[in-house]
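Reminder, nothing fancy here: chain letters follow the sequence lines and each chain counts from 1.
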Amino acid sequence: MSVRVRYAPSPTGSPHVGNIRTALFCHLFARRHQGVMMLRIEDTDRSRYVPGCEEEIEESIAWIHIDWQEGPDKGGPHAPYRQSERAEKGIYAQWADQLLAAGHAYKAFDTSAELEEMREFQQINKQPIGYFGGKWRDASPDEVEAAESAGMRPVIRLKMPRGKMLVVQDAIRGRVEFRSDDVDDPVLIKADGMPTYHFAAMVDDHLMETTHIIRGEEWISSAPKHVWLFEAFGWEPPIFVHVPVIKGKDGSKLSKRHGDTRCLDFRSAGYLPEALANFIALIGWSPGGDREIMTIREMEESFSLEGLQPSPGVFDSDKLKWMNGHYVRQIDPSKLLSVVREFWSHPETQSYWKDRTPVEGEADPTQVRTGLDALCHAPEEYALACLKLEQERVTTLADFGPACLFFLVDEPEMDTKAVDKWFGQAHVPALLEAFIKLCQAAGDSASPETCEAWVREYAASAGLEKLGPVVHPLRVALTGKTAGPGLFELMSVLGPGRMLRRLRRAQGLLITA
RNA sequence: GGUCCGGUCGUCUAGCGGUUAGGAUGCCGCCCUUUCACGGCGGAGGUCGCGGGUUCGAAUCCCGUCCGGACUACCA
C-alpha cells in the first residue's frame, strides 16, 4: 500500500516553525516513499477562523519547497479538502448517525453551565476531570425524546468503552497503552452541527485513506479516542507518528516571547528557505551519523521514521544563523543580486523592517532599510560587486544592508574609535595626500591589483616594513570602519572617483595636535 | 488532581551490551591574513537525570525514583 499522509492545520493563526516542521516531516516521508501528501484545512471552528490564514499556510509551506498533491487549491480524489465544505455535504453527520445507530455514540443535552459545574466538582474532589458518566450516556430513549421535544440542542458524544485497554501504535514511541476508563467521552458533533477535530480528522483520515497520521505530540493523549473511533467503525487505523514539540531557550513551548516564530517572518528577516528547512528538520530528526547540511532533496532520500526523536528539542537561533550563513555563502554569486532584490522587494519584508525597534546584537533596522534600498537602486554592476565582497561576511540577507551601506552612501558613518586611533598619527596626512594624487591620476577605474600596487609601493617608499600603517588608516578613511572586505578589492569597487571624495573628507577629520 | 510522554556536553544530536562516549553549534586559543569574516587546526565543556538490579561488561536491557513537558473545551 502506498503512503498517504496529510498536513492538517487549522486556519486560526499564522503557521509557526513548529507547524511547518510537521509539514516538512509529512513531505519528507511522503517523498521518501513515493507517496502522496495532502493538505487538509481543519476549519470546523467558525469562531476561530482567521481570514487569509489558509493562503498563508500554503505560502509558508510552499516557501520552504514543500509540495502537496491534493488539497483545497489542487483538488484530488477525495475533494473537498476543507472540512467546512465537507460538513456542508453532510459527510460527518452521516457517519455520526451510524455511530448513534450502533450505540457507539449518544446525544447529550448538558448545558455549558452544567458542564462547568461538573468540572468544578471534579476539581474540588480531586477526581479525574472529564465527561465520564454524564447522565446522558445511558439515558433512556424517552429522556432523549423529552429533551429533544423541549427544543434542546444536543451534542453527540462518543461512548468510550469501559474496562478495555486501548493501544496506540506510535511509530516513534512504540506501543502506548491507555485504560479506557481513564478516557472520557469526547464530543463528536457540536450543538451547531459542526464536527470536532476528534471526529472530523479521523473520519477524513479514513475516507482519504491516510496511512500515517503525522502530527504534534500534544495529540498523543487524545489518541486513544481516535483509536477507539476507528475500532467502533470497524476501520483499519493508520499508524500514528507523534512528533515532539519545539521548545524555546527557556524550555517552555516555543512562542512569540522567544522572538520570531511565524514561518514567514523568517523570510522577512532574511533567512533562506533551504536553511530554515534544513535546520528545523534537525530538531527531532537525524539521518544518523554526522550528517547535518542537507538539501531538501537529500533529506527526502534519507528520511525515515526511525530517525525521529521522542524528546522535545530547543530552537537554537544561533545555530540557525550559522546555517543560514552557510547557505548564503552557497548562493551562486551571479544570482546574488536577484536573490537580494527579490527578498527586499517583497512587501512583507518591507513592513517587517519598517518601524522595527533595534535589538542589541542584531542588524540595525535603519541600516538594513537604507542599505538595501540603496543597493536595489544602485547600478547593477556596482551593487553586485558590493554583494560579492560581503557574501562571506553576512548571516542573513538583511545583513547585506548594513554591510554594504558604506559602499552606497556619500559620507559613511565614521567609527570614532577608529578615527581616534589612526587619524592622529603623524604619517597619515601625507598618506592621504599621496592616495589623493594617485586617484586623480588614475582613470575611471582601478583594478584590485593596481590598488594593491599603490599600497605596496607607498609603504615601500615611506620606508614602512609592514602594510598595516597604510592599510588601516586607508580603510577607515574609505569605509569609516575597521572591519570589512579586503582593502584592495574594496578600493577597486569604490573606484578612483569615490575614493577621492572620501579621502578629501578624511583630511578634514585629521586630528592635529 | 488524573492520564500519557520525555531525560547523552549550554544547545541540536550520533550511539542500539564492549567506543579514550563521536559530530555540529556556541565559547576560547592558534594558523591564514591588510582588518573582519570565511577556511584550517586545537582546547575547554558530558560521573549519558538519580538509585538499584540483570550481565564478565550498561548511555544502551529491567525496576524504582526525581525532574521536565503535553493533554485534561460543544479549540484545534
Any side-chain N or O of [X] under 4.0 Å from OP1/OP2 of [N]?
X: A/Gln309; N: B/G6; answer: no
X: A/Arg475; N: B/U33; answer: no
X: A/Ser47; N: B/C75; answer: no
X: A/Arg157; N: B/C74; answer: yes
X: A/Lys190; N: B/A76; answer: yes
X: A/Arg48; N: B/A76; answer: no

Have a look at [X] and say if it touches a base, only the backbone sugar-phosphate, or nothing, with a 4.0 Å heavy-atom cut-off.
X: A/Leu282; result: sugar-phosphate
X: A/Phe315; result: nothing
X: A/Arg291; result: nothing
X: A/Val155; result: base
X: A/Arg179; result: nothing
X: A/Glu177; result: sugar-phosphate
X: A/Gly284; result: sugar-phosphate
X: A/Ser222; result: nothing
X: A/Thr482; result: base
X: A/Leu487; result: base
X: A/Gly484; result: base

Mate of [N] where both pairing distances stay under 3.5 Å, Watson-Crick or G-U:
N: B/U54; value: none
N: B/U60; value: none
N: B/C41; value: B/G29
N: B/C36; value: none
N: B/G1; value: B/U72

Which residue lies toward the 5' end of RNA chain B, A/Ala483 or A/Pro195, if each is placed at its nearest nucleotide?
A/Ala483
Ranking A/Pro9 and A/Phe279 by the position along RNA chain B of their nearest nucleotide, the one closer to 5' is A/Phe279
Residue that, paired with A/Asp185, satisfies salt bridge (charged side-chain N to carboxylate O under 4.0 Å, His left out) out of A/Lys107, A/Arg162, A/Lys159:
A/Arg162
Do A/Arg153 and A/Phe109 form a cation-pi contact, if we require the NZ or CZ to be under 6.0 Å from the six-membered ring centre and within 45 degrees of the ring's axis?
no
Within this structure, what is the [atom1]-to-[atom2] distance between [X] and [N], rounded to whole angstrom?
X: A/Glu306; N: B/A14; atom1: CD; atom2: P; result: 13 Å
X: A/Phe132; N: B/C71; atom1: CZ; atom2: C1'; result: 12 Å
X: A/Lys321; N: B/A24; atom1: NZ; atom2: P; result: 21 Å
X: A/Asp170; N: B/C4; atom1: CG; atom2: C1'; result: 11 Å
X: A/Leu320; N: B/A24; atom1: CG; atom2: P; result: 19 Å
X: A/Leu254; N: B/A70; atom1: CG; atom2: P; result: 12 Å
X: A/Lys126; N: B/U3; atom1: NZ; atom2: C1'; result: 17 Å
X: A/Glu116; N: B/U72; atom1: CD; atom2: P; result: 16 Å

I want to verify a distance call: between [options], whose nearest atom is closest to the [X] side chain?
X: A/Lys253; options: B/C71, B/C75, B/G22; result: B/C71
X: A/Arg173; options: B/G6, B/A76, B/U11; result: B/G6
X: A/Val314; options: B/C74, B/C12, B/U13; result: B/C12
X: A/Glu42; options: B/G26, B/G23, B/A76; result: B/A76
X: A/Glu392; options: B/A37, B/G2, B/C71; result: B/A37
X: A/Glu218; options: B/U11, B/C71, B/U34; result: B/C71
X: A/Ile129; options: B/U72, B/U25, B/A76; result: B/U72
X: A/Asp316; options: B/G10, B/C4, B/U13; result: B/G10
X: A/Pro312; options: B/A76, B/G2, B/G6; result: B/G6
X: A/Trp322; options: B/C36, B/C12, B/U25; result: B/U25

Within the distance-only criterion (no hydrogens, no angle test), does the side chain of A/Arg456 pair as donor or acceptor with the backbone N or O of A/Glu452 below 3.5 angstrom?
no
May I ask you to decide if A/Ile189's main-chain N or O and A/Thr196's side chain share a donor-acceptor pair within less than 3.5 Å?
no
Using atom [atom1] of each nucleotide, how far apart are [N] and [M] to the nearest Å?
N: B/C38; M: B/G6; atom1: C1'; answer: 39 Å
N: B/U25; M: B/G40; atom1: P; answer: 9 Å
N: B/G39; M: B/C56; atom1: P; answer: 50 Å
N: B/A14; M: B/G23; atom1: P; answer: 15 Å
N: B/A76; M: B/C48; atom1: C1'; answer: 37 Å
N: B/U47; M: B/A59; atom1: P; answer: 13 Å

Can you classify the ring geometry of [X] versus [Y] as parallel (below 30°), tilted (30 to 60°) or perpendicular (above 60°)?
X: A/Phe315; Y: A/Phe279; answer: perpendicular
X: A/Trp322; Y: A/His326; answer: tilted
X: A/Trp219; Y: A/Tyr197; answer: parallel

State whether the distance check finds a donor on one side and an acceptor on the other, under 3.5 Å, for side chain [X] versus base [N].
X: A/Lys319; N: B/A24; answer: yes
X: A/Arg393; N: B/C38; answer: no
X: A/Gln122; N: B/G2; answer: no

Side-chain donor-acceptor pair under 3.5 Å between A/Asn278 and A/Tyr327, yes or no?
yes
Taking side chain as C-beta onward, heavy atoms only, is A/Arg173 less than 4.5 Å from A/Ile220?
yes
Under the criterion side-chain hydrogen bond (donor to acceptor under 3.5 Å, both in side chains), which of A/Asp45, A/Asp204, A/Asp43 is the partner of A/Gln83?
A/Asp204
